[in-house]
Amino acid sequence: MRDKPNIVVLGTGGTIAGRGASHANTAAYACSVLTIDEVLAVLPQAHALANLRTEQLLQTGSENFNNEHLLLIGKRVSDMLEDADVDGVVLTHGTDTIEETAYFLHLTLKSVKPVVVVGSMRPPSAMSSDASLNLYEAICVAGHPASRGRGVLVVSNDEIHTARDVVKTNSFKLEAFGSPYGPLGYVVEGQPRYYRTTSRDHTVMTPWSIDRIESLPKVDIVYAYGALDEQAIVTFLGNTDGLVYAGTGNGNVAEHLVGALRRAARDGVQVVRASRTGSGVVVRDGAQPDSDYGWIVVDDQVPQKARILLMLAMSGEPKERDALQAAFHRY
Ligand code: GLU
């Protein structure tokens, strides 16, 4: 038995690695300038929690992350988890796209060891920065045996969220993350307290292993509004493998856009009706005859998570549409 857990902290940049010109700069600052070692240097308390090993994997804002970044991060986290000396992994990350990377890892890592993705809304230099406390709490969660087998977690503002549900819902407040069904638990005085689990399959329960994925299909998102021009959809045809349509309300499609989306499906593009509302489900064969049109609907996945799931569902062997549809109700 070790006296403390062995935790690897991987840095990728973001506000948690940012620096402002003054303490008053909570929202204007240089992003991704501090190394992970510099971020940890002002958090000596973290060493009492765990034996820490660090690695600077990337150093950029998460708005820049593309599919290659996802694969790079996933494979490196997987390498770490395979090491018998590692008990858990913390990934520091810009908050903008944390929910996408975390969901990707949640569906592709093959380990029950805790993986926690963490960022901050204020750089370490700002007054009342959340950087050190979020990182401290992420290490607490990653090193605790109660976190094993829960899938990938996002820690923010004293809350522990499942990667499946968490979404950044505010652009500047410290209370920036929410899950439609609430967090899984809290971090209280350096201890995770869990109140619920996610019922959807993840990590070791999914068919996707990051170690075997070398590329991902191209999936794009179209954001709906009444005056959206059909050309916005047509532009993607021949240039994408899947299209998530972030429709109004219950995934509604304006009459003048139905033709272009039907054409997309006929041409072999996987069309997924989602909702731009931010929560709730899309009902299959409800507002649109999806079965007739060859379309798929999300369950409750927001468009950016639907994109991640569709890429994975389409990876590997070609799949029937029914199999792709089923994935949305399983993960
Ligand atoms: N550019 C940042 C990012 O990497 C902004 C937000 C943040 O980290 O809080 O996502």
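Computed from heavy atoms alone, side chains included, the values below leave out hydrogens, waters and symmetry copies. What you see is a predicted model, and the numbers here were worked out from it, not measured in a lab. One-based numbering, in listed order, for ligands and for the atoms of each.
When only interatomic distances are considered, the shortest N/O to N/O separation between Thr95 and ligand 1 falls below 3.5 Å. Note: an N/O pair closer than 3.5 Å links Glu63 and ligand 1 by distance alone. Between Asp96 and ligand 1, an N or O atom pair is found at a separation short of 3.5 Å.
For Thr206 and Asp201, the side-chain atoms include no donor-acceptor pair closer than 3.5 Å. For the residue pair His47 and Gln45, no side-chain donor N or O sits within less than 3.5 Å of a side-chain acceptor on the partner. Looking at Lys110 and Ser209, their side chains never bring a donor and an acceptor atom within 3.5 Å of each other.
Of all atoms in ligand 1, numbered sequentially from 1 with element shown, those under 4.0 Å from a heavy atom of Thr15 are 5 (C), 6 (C), 7 (C), 8 (O), 9 (O). Each of the atoms 1 (N), 2 (C) of ligand 1 lies under 4.0 Å from some heavy atom of Cys31. Every atom of ligand 1 is numbered from 1 in the order shown, and the set under 4.0 Å from a heavy atom of Ser62 is 3 (C), 4 (O), 10 (O). With ligand atoms numbered from 1 in the order given, ligand 1 contributes 4 (O), 8 (O) to contacts under 4.0 Å with heavy atoms of Gly14.
Of the possible donor and acceptor atoms, one in the side chain of Gln325 sits under 3.5 Å from a partner among the backbone N and O of Val297.
Taking the ring centroids of Phe65 and His93, they lie under the 6.0 Å cut-off.
Annotation: cation-pi geometry satisfied between Arg150 and Tyr194 (NZ/CZ under 6.0 angstrom from ring centroid, within 45° of ring axis).
The shell of residues lying under 4.0 angstrom from ligand 1, judged by heavy atoms, includes Ser120.
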